[in-house]
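Here the structure is laid out as structure tokens; the discussion comes afterwards.
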2 protein chains.
Amino acid sequence: MDAIDLSLVDLLRGNARLSYAELARQVGLSAPAVHERVGKLEAAGVIRAYRAEVEPERIGLNVTALISVVEDSGADTDDVLEAFRAIPEIESCYFMAGVESFLLKVRVGTIAELERLIVRLNRTPGVASTRTSIALSTKWENRPQPVVPSS
Amino acid sequence: MDAIDLSLVDLLRGNARLSYAELARQVGLSAPAVHERVGKLEAAGVIRAYRAEVEPERIGLNVTALISVVEDSGADTDDVLEAFRAIPEIESCYFMAGVESFLLKVRVGTIAELERLIVRLNRTPGVASTRTSIALSTKWENRPQPVVPSS
DNA sequence: AGGCTGAGGTCGATGGCGTCCACGGACTGT
DNA sequence: ACAGTCCGTGGACGCCATCGACCTCAGCCT
């Protein structure tokens, strides 16, 4: 994990579809060398996935909400997590400090679906209560901050 | 924006580095056809970017926090937004319903940096107060939910 | 009805790319 | 000094990206 690896990570966070040849030009190595480096970064779990970022409204996900969840005292956190994992609408799940153990970012098509989702969450064993905040708009999301000051 | 486009979007949300040839096989079209379709999806803004998803701790971003921001009464929301946009540590920015106008997801290297960031946020014109919740761990993030029931 | 037009597909060709392999130089420990 | 290891380069070969030519079909105008 040297400076070149960090540059590669930065480049791929900016554009995951860069060719190995292009990456090679940017970091000043040969294509096979960056191929091997990127492969190792993937194997080591530094790079977890390559994802296309899509405007959610364009694929029918018109409602974004953030839901804080308070666990029952004595609830098994792992069980709750497993139940959450099975709900595809939960795009992100953070385990938080504070009374509200979880913060969930969810996306659904309509407010009616959000209502059903909240009901479902409140019914899952181990959750005591939820608190939902609706996002009126997403200004930006997952903007990669550069790790290397100037590559 | 037909069923094939949705399949392409789903496939690329799952793996942004799929080749056009592979996409073509999956959707049953020729490579040039999917090339053109994907190009149009990008041009139309449906696909905004391709990003490598990186484990934040591996690149020195050890602290994740969510910060709710209350605006000053009479503050210009656009000015506040512009100030936020200039802060690279703010990875996501949602405009929320409720008293707290903004929710920011931030990532920094250390708690000390988080403290400096919070001070900076409180000093920016237009913000009345902030409320910070620290994420102890990220269970998952930006998991793509399938749009097409079963491609 | 017939033909024009445009959208969106296939096919074929070609140049570049991904990927495998053999080889070579620097660093390290003995 | 020497062998081993790591990490790179360069060459080779097959696949892929991408362009142009052509095909098909639907909609529409005359």
Side-chain angles (χ1 to χ4, degrees), chain A residues 1-62 109 142 144 146-151, chain B residues 1-61 142 144 146-151:
Chain A
M1 200 63 191
D2 58 3
I4 291 182
D5 281 338
L6 284 176
S7 292
L8 289 172
V9 165
D10 265 7
L11 288 166
L12 286 169
R13 287 212 297 168
N15 180 3
R17 277 182 83 80
L18 287 177
S19 68
Y20 291 117
E22 182 59 29
L23 292 170
R25 277 188 285 271
Q26 302 267 345
V27 302
L29 287 182
S30 65
V34 315
H35 184 253
E36 188 178 344
R37 277 174 176 265
V38 171
K40 284 181 181 171
L41 287 169
E42 294 168 0
V46 177
I47 296 176
R48 275 198 292 232
Y50 301 98
R51 304 209 176 285
E53 190 186 297
V54 170
E55 197 158 343
E57 293 80 11
R58 305 296 286 275
I59 54 173
L61 298 173
N62 298 294
N142 302 121
V147 177
V148 179
S150 67
S151 68
Chain B
M1 200 62 192
D2 58 4
I4 291 182
D5 282 337
L6 283 176
S7 292
L8 289 173
V9 165
D10 265 6
L11 288 165
L12 286 171
R13 287 211 299 168
N15 180 5
R17 278 182 83 78
L18 287 176
S19 67
Y20 291 118
E22 182 58 30
L23 291 170
R25 277 188 286 271
Q26 301 268 345
V27 303
L29 287 183
S30 66
V34 315
H35 185 255
E36 187 178 343
R37 276 173 178 264
V38 171
K40 284 180 180 171
L41 288 169
E42 295 169 0
V46 177
I47 296 176
R48 274 198 293 232
Y50 301 98
R51 324 220 92 115
E53 190 185 300
V54 170
E55 197 159 342
E57 294 79 12
R58 305 298 285 274
I59 54 173
L61 298 172
N142 302 121
V147 178
V148 178
S150 68
S151 69

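Throughout, a chain's letter reflects where its sequence line sits, starting with A, and its residues are numbered from 1. Computed from heavy atoms alone, side chains included, the values below leave out hydrogens, waters and symmetry copies.
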Inset, instruction - Report the residues that fulfil salt bridge (charged side-chain N to carboxylate O under 4.0 Å, His left out) with A:E22, sequence neighbours left out, ordered by chain and then residue number. - result: A:R25

Legend entry - Sub-4.0 Å heavy-atom contacts from residues 43-55 of chain A onto DNA chain C, ordered by number: none

Legend entry - Qualifying side chain to side chain donor-acceptor pair (under 3.5 Å) pairs with a residue from residues 35-47 of chain B, counting only residues at least two apart or across chains: B:D2-B:R37, B:D5-B:R37, B:E36-B:K40, B:E42-B:Y50

Inset, instruction - Please confirm whether the backbone N or O of A:L18 pairs with a side-chain atom of B:R17, one donor and one acceptor, at under 3.5 Å? - result: yes

Legend entry - Short side-chain N/O contact to C:dA7 OP1/OP2 from B:K40, under 4.0 Å: no

Legend entry - For B:P56, side chain to side chain contact (heavy atoms under 4.5 Å, CB included) partners two or more places apart: A:R48, B:L61, B:R107

Inset, instruction - Applying side-chain hydrogen bond (donor to acceptor under 3.5 Å, both in side chains), name anything that partners A:N142, two or more places apart in sequence or on another chain. - result: B:N142

Legend entry - 4.5 Å side-chain heavy-atom contact, B:L23 and B:L12: yes

Legend entry - Flag, side chain of B:R51 to backbone of A:R13, donor-acceptor distance under 3.5 Å: yes

Legend entry - Reading 5' to 3' through nucleotides 9-23 of chain C, protein heavy-atom contacts under 4.0 Å coded B for base, S for sugar-phosphate only, - for none: SBB-----SSBB---

Inset, instruction - State, to 0.1 Å, how close B:A16 and A:A16 come at their nearest heavy-atom pair, and which atoms those are. - result: CB-CB, 4.4 Å

